[in-house]
Amino acid sequence: MSEQDHRFSPREVRLQKLQHLRERGIEPYRATRYEVTALAEQVVSQFEAYEGHVVRVAGRITAMRRHGRAAFIDLRDTSGRIQTHWREDVLGPSTYELLDDLDLGDFVGVEGTVFKTRRQEVTVEAQAVEVLAKSLRDLPEKRHGLTNIDLRYRQRYLDLIANPEVRRVFEIRAEILAYIREFLKGRGFMEVETPVLQTIAGGTEARPFETYHNALGMPLYLRIALELHLKRLIVGGIDRVYEIGRVFRNEGISTRHNPEFTMLELYQAYTDFHGMMELTESLLGGLAVHLFGTPDVPYQGTVIHWAPPYPRVDLVERLFEKTGVRWETIQSREDAHALAQRLGIQVDPRFDRAQVMDKIVGAVVEPDLVQPTFLWHHPVDISPLAKRDPQAPHLAERFELFVAGRELANAFSELNDPLDQRQRFIEQQKARLAGNDEMPPLDEDFLLALEHGMPPTGGLGLGIDRLVMLMTDSPSIRDVIFFPTMRPLA
RNA sequence: GGGCCAUUAGCUCAGCUGGUUAGAGCAUCCGCCUUUUAAGCGGAGUGUCGAAGGUUCGAAUCCUUCAUGGCCCA
C-alpha cells in the first residue's frame, strides 16, 4: 500500500486488497463451505466445556485491534460475538499478514483453542484461518450504529448488522406467526392459500392495485382482503379455515400503513361473533404469556393488559354517551356532515353518510380504547358482510378489537343470507356510482357460492403487522416489515 | 393534498446572526506496538455542504423552486 492510498475511495482500497489476496494465491470467493463446530454464543456461555479444546468458528469481522505481531479479531455469527486472537508466532508470518488485506465486514473461519484473556474474555487462539468472503463496502460506524431512518429501511441488512435490537423485533414476529399457527391447529383449523390475483378485489372497501394478464387479455387486481375466498371454502365444507397472507391496498403510506401488509383471516362454522370474541381473547392473552411470561406488555409508555376477558363496548351506546346523538337519527349524508361540523371533526366534503359516521366514531370513541376492548354492535350500513342482530335489525353482529386506540381485529357473524347479501352489494354499487371509489364491484361469483348454502359462521380478521407493533413496542409499521415500500432513489 | 423539520466525509454529527483554506469522533491510509476490547501512540487525506436558480464584493449559511425522507394533519 502506498502513501497515495488516500486518493482512493474505500471501495477502491478494498478492491486493491482483494487483488493483493489473489496475487498471494488466496481466492476470497472460492470457499464453498466451512465446517463450524461451535457458535460464538455457545463458546462464550459454555466456556468451561470448551476451555482448552479446539473449535472452528466463522463469521463477519466486526472489530480488529492490532498490536503489532498479535491482534484481537472479533467475529460475529448468527448467535453473537466472539473474540479471536491471532499471533504471528502461532500462525506464521505469511498467514498473519493476511490481516493487511482484511477489513471490517469480511468473513473468515478461525480454528483454534479456547482460552480466557487476562481481562477474562473468552477467546479463540487462532491456529488456522481461512478467508471465506471479502466485503467491498464499509459497514456503518459502530458507536452510533445506523440511524438514518431512510437508509435503515432501504438497506435493512445494514440496519441488522449495526442495530442488533432490530433483529429481536423480527424474531418476535416469527414467534407470533408460529404461535398463531400452533394455536389454530390446536383448535382444528386448516391453513390454506387463496388467490392474490383476483378479477374482483372485494371483502372490504379499499382501492386495489391493478395489473393486467396478457394471455387472458384482462385486468386483474391484487387482493385487498382474504374474506370472500375463505367463505367459499366454508361453503365447500372446510368448517375451520384460515389464511395468513399479504394483502394490498392502494392507499397512502404512514407510520400505520404500508401498501402491502399481512392479515390473518379465519372462519369457523357453527359459531358467531361471540365465539370469535372468545377465540380472540384466548389467542392474544395466550400469545402475550407465551412471548413474555406475562400478559402485561408495555407499548409506548402504557402497559397493555392482554389477559382476557376484554370489555365489550356497544358502539351506538358509546356514541350516544359521547355526543348525545343516536346513530339511527342520522339518516342522511347532510345530517352526518352537520354532526361532524358540530363536533368539530374535519371530514372530506365528498364523504357519504357511512364514511362520515366512521370518521366520527374514529374521533370520539376509538381513542379512549387503550386497553383491549371489543367495540361491537356496528350499524348494518357500514357492515355489508355481517349478520343482523335479530333484536335490532339495523345493527350487525360485529365487533372490532381496539388496542392503544387502534383497530387490531374485525369480526362478525358472517352474513349467509344470499338475498340480503345481494341487496347489500347493490347498496354498495349505489355508493360506487355516487363516487365512492373504494366500493368493490358486485361479486356475482361469491353470491353464487352463497346461494349454494353457507352454514352459520363466525369470521375474524386480524392485522399481523399491528399486532407485532404492539408486542414489540414499535411506533411505526416500518419497524416490523423488513422491506417497507419506499420510493426508489433516482 | 396541507403544515413543520431534515439533507454537510464511508458512518454519526458540529458549523448556519453571510466573511480567510468547511471541522470532530469512528472508519480509511502510513508508522510503532504480542492479552486488547470505544485498545493505545505518532502522522495523512477525507467533501459536487441533496439539486437547480437567485440575492451579494462574497453563500454550507439568506431567498425561490425541485428532489428525497421524517413527524403531524387530511
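Protein chains get the first letters and strands the later ones, always in sequence-line order, with residue 1 at the start of each. Only a predicted model underlies this, so the values are computations on that prediction, with no experimental measurement involved.
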Could you please name the option among B:rU34, B:rC29, B:rU35 that lies closest to any side-chain atom of A:Thr117?
B:rU35

d(CG, A:Asp159; P, B:rU12) in whole Å
11 Å

Among B:rU37, B:rU34, B:rG10, which is the nearest nucleotide to the side chain of A:Asp138?
B:rG10

Heavy atoms only, 4.0 Å cut-off, all strands: where does A:Asp74 land among base, sugar-phosphate and nothing?
nothing

Verify whether one side chain among A:Gln83 and A:Thr123 offers a donor that lies under 3.5 Å from an acceptor in the other.
yes

Spacing between A:Ile82 atom CD1 and B:rU37 atom C1', to the nearest angstrom:
14 Å

Please measure how far the C1' atom in B:rG45 lies from the corresponding atom in B:rG53, and state the result in whole Å.
33 Å

Which residues pass the salt bridge (charged side-chain N to carboxylate O under 4.0 Å, His left out) test with A:Asp358, sequence neighbours left out?
none

Given a 3.5 Å cut-off on both pairing distances, which stems involving RNA chain B, each at least three consecutive Watson-Crick or G-U pairs, are present, if any?
B:1-7 with B:67-73, B:10-13 with B:23-26, B:28-32 with B:40-44, B:50-54 with B:62-66

Nearest of B:rU34, B:rC29, B:rU37 to any side-chain atom of A:Arg81?
B:rU37

Flag the pair A:Arg119 and A:Glu121 as a salt bridge only when some basic side-chain nitrogen lies within less than 4.0 angstrom of an acidic carboxylate oxygen.
no

Testing B:rU34, B:rU35, B:rU37 for proximity to the side chain of A:Arg69, the answer is B:rU34

Nearest to the A:Thr255 side chain among B:rC71, B:rG69, B:rU36, which nucleotide is it?
B:rC71

Quick one: label A:Arg66 by what it contacts on the DNA or RNA (base, sugar-phosphate, nothing), any heavy atom closer than 4.0 Å.
base

Atom pair distance, as rounded to whole Å: CG in A:Leu136 and P in B:rG10:
17 Å

Is A:Glu88 side chain donor-acceptor paired with the B:rU34 base, going by distance under 3.5 Å alone?
no

Any A:Arg137 side-chain N or O less than 4.0 Å from OP1/OP2 of B:rG10
no

Between the side chains of A:Arg398 and A:Ser383, is a donor N or O closer than 3.5 angstrom to an acceptor N or O?
yes

In whole angstroms, the gap separating C1' of B:rU37 from CG of A:Leu104 amounts to 13 Å

Distance check, P atoms only: B:rG47 and B:rG10, in whole angstrom units.
7 Å

Please give, in whole Å, the distance from B:rU37 C1' to A:Leu75 CG?
14 Å

Rounding to an integer number of Å, can you tell me how far A:Asp89 CG sits from B:rC33 C1'?
15 Å

Write down the distance separating the P atoms in B:rC26 and B:rA39, rounded off to the nearest Å.
9 Å

Measuring from the side chain of A:Val13 (C-beta onward, heavy atoms only), which nucleotide among B:rC29, B:rU35, B:rU68 has the closest atom?
B:rC29

Say you pick atom C1' in B:rG40 and the same atom in B:rU35; how far apart are they, in whole Å?
14 Å

Does a side-chain N or O from A:Arg119 land closer than 4.0 Å to OP1 or OP2 of B:rU36, or not?
yes

Closest-nucleotide ordering on RNA chain B, the 5'-leading residue of A:Lys359 and A:His67:
A:His67

What's the gap between B:rA9 and B:rC5 when it is taken at their C1' atoms, as a whole Å value?
23 Å

State whether A:Phe320 and A:Arg326 meet the cation-pi test: NZ (Lys) or CZ (Arg) under 6.0 Å from the six-membered ring centroid, and within 45° of the perpendicular axis.
yes

CG-OG1 distance between A:Leu104 and A:Thr62, expressed to the nearest 0.5 angstrom
7.5 Å

Under 4.0 angstrom, heavy atoms only, what part of the nucleic acid is A:Tyr153 near: base, sugar-phosphate, or nothing?
nothing

If I take atom NE2 in residue A:His20 and atom P in nucleotide B:rC29, what distance separates them, rounded to the nearest angstrom?
13 Å

Consider the side chain of A:Glu121, meaning its heavy atoms from C-beta on, and name the nucleotide among B:rU68, B:rU35, B:rU37 that approaches it most closely.
B:rU37

Taking atom P in both B:rC66 and B:rG58, compute the distance separating them and give it to the nearest angstrom.
26 Å

Let me know, please, whether A:Phe72 or A:Leu139 comes out on the 5' side of the other along RNA chain B by nearest nucleotide.
A:Leu139

Do the two ring centres, one from A:His337 and one from A:Phe351, sit under 6.0 Å apart?
no

Between P on B:rG1 and CD1 on A:Ile253, what's the gap in Å once rounded to a whole number?
12 Å

Under 4.0 Å from OP1 or OP2 of B:rU28: is there any side-chain N or O of A:Lys17 that close?
no

Distance from A:Glu438 atom CD to A:Arg207 atom CZ, nearest 0.5 Å?
5.0 Å

Whether A:Phe248 and A:Phe209 hold their rings parallel, tilted or perpendicular, with breakpoints at 30° and 60°
perpendicular

Give me each pair satisfying side chain to side chain donor-acceptor pair (under 3.5 Å) with a member in residues 31-41 of chain A, each pair once, sequence neighbours excluded.
A:Glu41-A:Ser45

For nucleotides B:rA6 and B:rG50, find the distance between their P atoms and express it as a whole number of Å.
12 Å

Donor-acceptor pair under 3.5 Å, A:Arg65 side chain vs B:rU36 base
yes

If you measure from the P atom in B:rG23 to the same atom in B:rC49, how many Å do you get, rounded?
14 Å

